[in-house]
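Have a look at the structure below, then the notes.
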Amino acid sequence: MTRLLLASALFTTLPPALAADPPRQVAQYAHTSWTARDGASLGLVFAMAQTPDGYLWIAGSLGLFRFDGHRFTEWQPPDGQVLPSGPYSLLASRDGTLWIGTFHGLSSWDGRKFVARHPEIGQTFVTSLVEDREGTVWAGLLGQAGRLCAIRGKSIQCAAPEGGFGSFVWSLAEDRAGQLWVGAEAGIWRWGPETPRRYPVPGARVGDLTTTADGQVLAGIASKGLWERAGDQWVPHRFRKVSKPDEWMADTEVKANKLLRDRDGGLWIGTEGLGLLHVKDGQADSFTRMDGLSGNIACSLFEDREGNVWYGSERGMDRFRKLPVTTLSTRQGLPDDVTKSVLAATDGALWVATNGGLARWKDGRLSLFKEQEGLPSAQVQAQYQDAQGRLWVSTATGLAYFANERFVAVDGGPSSEIFAMAGDAAGNLWLSGNKGLARLHQGRFAENIPWAALGHSQQAQLVVADRGGLWLSFWDGSGVSYVKNGKVAANYSFAHVPGRGQVTGLRVDDEGALWVATGSTGLKRIKDGRVTALTPASGLPCETIHWSTLDQGGALWMYTSCGLVRVDRGDLAAWIADPAHRVSPVSWGVTDGVPLMVTPQAYFNPPVARQPDGKLWFIAGAELLWADPANMPSNTVPPPVHIERLTADHQSYPIEQGLRLPPRIRDMTIDFVALSLADPLRTRFRYRLEGHDSDWREAVDRRQASYTNLPPGQYRFQVKAANNSGVWNEDGAQLEFTILPAFHQTTWFRVGSLVVLTGLIWAGFQLALRLRVRRLHRQFEATLEGRVAERTRIARDLHDTLLQRFNGLLLQFQAASNLLPDRPRESKRVLDTAIDQVAGAITEGRDTVQGLRASTLETNSLAEAVRTLARELSSESGRALPVDVQVQGKPQELHPLLRDETVRIAGEALRNAFRHAQATRIDVELRYDARQLCLQVRDDGQGIDPEVLRRGEREGHFGLSGMRERAEVVGGQLSVRCPEGGGTVVEFTAPLHRPPALTRP
């Protein structure tokens, strides 16, 4: 079985067809390797296939895997089904079905339905699978007798020719004419159901099959190299080694195990133990584990739809991607890896100066020139071709020109290093060296102008002839100078970043404009003394420019610190016409094969050359590179986009439209992938969540979107992707899902809450309305009660003041009437006093009606007010009754209402003692406690009738009831009692600090 899995063959090819430039070799592809150390535990990689959804499928000895460019995922059939062990051959048919050939039968998976084993094939080892142009899937089988099975729709028919295939069918291929070819134990068969034809291979075993560049069948034969069909004959397919272009590669140097013809016509040969061989234009080069290959034993080869070539080995897998910019080195024939300058001659030859000699590609052949070919030194530096077509080169030890396939040394002046050369219309050759500016005329040294004579202490690095003069640039950051007739005619200096102020490139265009590449201020254009600058502000990706040139179409190319940059011709013309115009450049970076140089480096000239076929060759650091502006490889395949997983609160959910998620999702992540296998790290994404994001979000090589605390509702997640060349899949992928509301987030709950809230608001409104009505009712009652209280007050005041005064006046009038006949003078005195009291009664009555609370005295002294009142009552009654007023405690300021009501109560008690009690003595006590006022009026009179005390008033009198009402007004208490020893005690207490106005009458 091991011999079958790692089958080898001889190696042949056509005679070499020499190309105009070096063929692309496998080492010039971008290479990436995956092994177990990189997380790719695949075992032996037997086969690979790519389904229409973009996934790469890998049949390994450890299982069947799916690869998205980042992750290898072992695939298991759905619904608990089991894949037969030992996946070995794979085919993705055009209808999207993945056919899986195993050691124990044939399985299929169309994305929805999995068939574990097709009964027509049984448990036979399926060695190979191919689909022809008519859509028939062919399967080669290994068993007691090899068979070939045709799968058309649901029909599977297996057959073998007369005489049989032997014990196995090992490989299948279809040629350009649509003919099916079968590699079997018994030889090579051209298959036709009616007339199969066998081509025996005596003493050898047929390995893999593919096609030649012209579409014929190519077979790998064990120990006999490669064979191809020529008519009815099989002849060796031969080629040469890149390192030995004059020798055919021997069959024994090739152990072909797997074959692949790529879309560019290149042949890839996976060998048994010798790594990978690549044949292009009749020349072969190799790539082994020493170069970074995963393993030297080839198990499979595959080309995906983006043009990447995949190599499967016993240790892992490798990807080879064609780069837009190609690097040349000693592997491609250069004498040394350190290159100094490159020149495209008018005869089509390309000259490359290196530290190990001068290389020339001409008519598809490489020639090397060193000291034995006349060079003063193999360390070649600057180059120049004059108007007569003569090539000049400077070396580490001198100057020489090329004639008759040899170099002739000449005197180049005192400089030991020459950085640049230029010729003028007068036949002079100007050399910019370390000792000055030298001039050769007709090949002979004429003069040397020291740099000091031109105002500089350092040498010029660049020299360009223009209108009978020279443009020079200097490494001291002083800009450029125009020199004519040995003198400086003009200087142009530019602001620059210290240490990066060098002028790194000069060229004059057809319009006479000078283009100046600078280390820190972009690309300058000088025309008629006017300087304009193409900088990042104008649209360039960076400001450090190493050189500039034009391609055949007039587009501007620049080598910059951020890569190779192109500005289209129309865009450039718009900027020349209007320096405010912003250009839209295209750039290629390190992933496209362009090495980056952040700061300008010293180099010899020219650093860039354009061949007649349009290819650009340039020096980057010490490397030689080339690019074809008319055919820059680009990935035109939009990447398929898939949403792979949705995780909400650490739980994964199946990806299906209309997905319903539980309520109260806090954290949600959506994983997606874009299946561009060429350069996944440069994949760009745009995504948005409709219902949440207001705009698209950008992401580079980030394959997950995260959201937190999304409210319930319907959402649609959309994602688009672009490949490494910026080609977008605008359709992308989308997922519609719903986050269910929690109990308190449901519509009916909200409606119910709204109804309840509306009811509460209505109830609150009704309550507020009732409270307002009640308040208005209380206000009305208070108003009515106030009116009643006011009437009661007036009645009480009239009783206590006006009526009492009138009662006293009545007595005085009676006394005056009694005295009038006998004692007129005394009667007159009584009447005068009565008149004065009438006036006072009138005033007091008016104040009572108006509600004024005038104190008995202007002062706030209760004791003095009581004494005054006692004297007035004594005068009214005509009795000199002793009244003793005692004060206990410290008198305090009283509220006017409390003070007046207290005086009124004391006055009523005194009147009763004077007029009704027949008392002989009255004692008044005022006591100020910390919180209350106490008034006590005691007389020794006849007391009060017990029945009057029980009722609280005497019929027709308001004295007792008035005192009680006054006590209530100020929040106090009144008690009236008659002790057993006789007399009456009136006691009134009231709080000192309670606002009387807050009490109700």
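Since this is a predicted model, take the numbers as computed values, not measurements.
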Open item on the list: Quick check against the 3.5 Å criterion: does S861 have a side-chain atom that pairs as donor or acceptor with the backbone of E864?
Closed with: yes
- [ ] Just jot down the side chain to side chain donor-acceptor pair (under 3.5 Å) partners of D923, sequence neighbours excluded, or say none.
- [x] R921
TODO: Report yes if some heavy atom in the side chain of F988 is under 4.5 Å from a heavy atom in the side chain of V970; otherwise report no.
DONE: yes
TODO: Check the pair R904 / D900 against salt bridge (Lys or Arg N to Asp or Glu O under 4.0 Å), numbers first and verdict last.
DONE: CA-CA 6 Å; R904 295 286 198 278; D900 290 351; 5.4 Å; no
Task: More than 12 heavy atoms of other groups within 6.0 Å of R582 CZ - done: yes
Open item on the list: Looking at every non-hydrogen atom in both residues, tell me the closest pair between P741 and P712 and how far apart they are.
Closed with: CA-CB, 3.6 Å
Open item on the list: Working note: Q892 + L992, criterion side chain to side chain contact (heavy atoms under 4.5 Å, CB included); need CA distance, chi angles, decisive distance, verdict.
Closed with: CA-CA 9 Å; Q892 299 182 31; L992 286 173; 3.7 Å; yes
Open item on the list: R703: which residues meet the salt bridge (Lys or Arg N to Asp or Glu O under 4.0 Å) condition with it, sequence neighbours left out?
Closed with: D701
Open item on the list: Within the structure provided, determine whether R684 and W728 are in side-chain contact (heavy-atom separation under 4.5 Å).
Closed with: yes
Open item on the list: Can a side-chain donor-acceptor contact be found between T920 and D940 if the only test is distance below 3.5 angstrom?
Closed with: yes
Open item on the list: Can you tell me how far apart CZ (F914) and CG (L881) are? Round to the nearest 0.5 Å.
Closed with: 4.5 Å
Open item on the list: I'd like to check the side chain to side chain contact (heavy atoms under 4.5 Å, CB included) partners of E925; sequence neighbours left out, ordered by chain and number.
Closed with: Q888, R927, Q936
TODO: Check whether any side-chain N or O of D939 sits under 3.5 Å from a backbone N or O of G941 as a donor-acceptor pair, and report yes or no.
DONE: yes
Open item on the list: Could you tell me if the side chain of L910 sits less than 4.5 Å from the side chain of V924, heavy atoms only?
Closed with: yes
- [ ] Please examine the side chains of R697 and R688, heavy atoms only from C-beta on, and report whether any two atoms are closer than 4.5 Å.
- [x] no
Open item on the list: When you compare the side chain of I670 with that of E644, does any pair of heavy atoms fall below 4.5 Å?
Closed with: no
Open item on the list: Restricting to non-hydrogen atoms, name the atom on V866 and the atom on A906 that form the minimum distance, rounded to 0.1 Å.
Closed with: CG2-CB, 4.0 Å
Task: Distance-minimising heavy-atom pair for P541 and P585 - done: CD-CG, 4.0 Å
TODO: Tell me, yes or no, whether the heavy-atom count around Q942 atom CD, taken from other residues, nucleotides or ligands under 6.0 Å, exceeds 12.
DONE: yes
Open item on the list: Determine whether a donor-acceptor pair (N or O, by modelled atom type, separation under 3.5 Å) exists between the side chain of D649 and the backbone of R666.
Closed with: yes
Task: Trace of the side chain to side chain contact (heavy atoms under 4.5 Å, CB included) decision for N912 with T984 - done: CA-CA 10 Å; N912 288 334; T984 304; over 6 Å; no
- [ ] Start with the C-alpha distance between F717 and L646, add both sets of side-chain angles, then the distance that settles side chain to side chain contact (heavy atoms under 4.5 Å, CB included), and finish with yes or no.
- [x] CA-CA 11 Å; F717 180 77; L646 185 148; over 6 Å; no
- [ ] Taking all non-hydrogen atoms of both residues into account, name the closest pair between A990 and L898 and its distance.
- [x] CB-CD1, 3.8 Å
Quick one: side chains of residues 654-663, donor-acceptor pairs under 3.5 Å with protein atoms, not counting sequence neighbours, listed by atom name and distance.
residue	atom	partner	partner atom	Å
Q657	OE1	E736	N	2.9
Q657	NE2	Q734	O	2.9

- [ ] Please examine the side chains of T521 and T535, heavy atoms only from C-beta on, and report whether any two atoms are closer than 4.5 Å.
- [x] no
Task: Shortest non-hydrogen separation from V887 to A863 and the atoms involved - done: CG2-CB, 3.5 Å
- [ ] Side-chain contact test, heavy atoms from C-beta onward, threshold under 4.5 Å: evaluate it for V985 versus V937 and give yes or no.
- [x] no
Open item on the list: Any non-hydrogen side-chain atom of V700 less than 4.5 Å from a side-chain atom of F685?
Closed with: no
Open item on the list: As an exercise, state the distance from CG of L540 to CG of L534, rounded to the nearest 0.5 Å.
Closed with: 4.0 Å
TODO: Run the numbers on L869 and E872 for side chain to side chain contact (heavy atoms under 4.5 Å, CB included), then give the verdict.
DONE: CA-CA 5 Å; L869 186 57; E872 291 178 354; 4.0 Å; yes
Task: Distance (rounded to the nearest 0.5 Å) between E965 CD and E968 CD - done: 7.0 Å
Task: Residue pair D693 / Y707, side-chain donor-acceptor N/O under 3.5 Å - done: yes
- [ ] To the nearest 0.5 Å, tell me how far W696 CH2 sits from L689 CG.
- [x] 11.0 Å
TODO: Answer yes or no: does atom CZ of R664 have more than 12 heavy-atom neighbours from other residues, nucleotides or ligands under 6.0 Å?
DONE: no
TODO: Just jot down the salt bridge (Lys or Arg N to Asp or Glu O under 4.0 Å) partners of D68, sequence neighbours excluded, or say none.
DONE: R71
Task: Separation of I665 CD1 from M668 CE (nearest 0.5 Å) - done: 8.0 Å
Task: Closest non-hydrogen atom pair between R899 and L862, with its separation - done: O-CD2, 3.7 Å
Open item on the list: Checking the side chain of N729 only, and the main-chain atoms of K720 only, is there a donor and an acceptor separated by less than 3.5 Å?
Closed with: no
Task: Straight-line distance of D884 CG to R938 CZ, nearest 0.5 Å - done: 12.5 Å
Open item on the list: Please enumerate all residues that pass side chain to side chain contact (heavy atoms under 4.5 Å, CB included) together with R702, with sequence neighbours excluded.
Closed with: Y687, A699
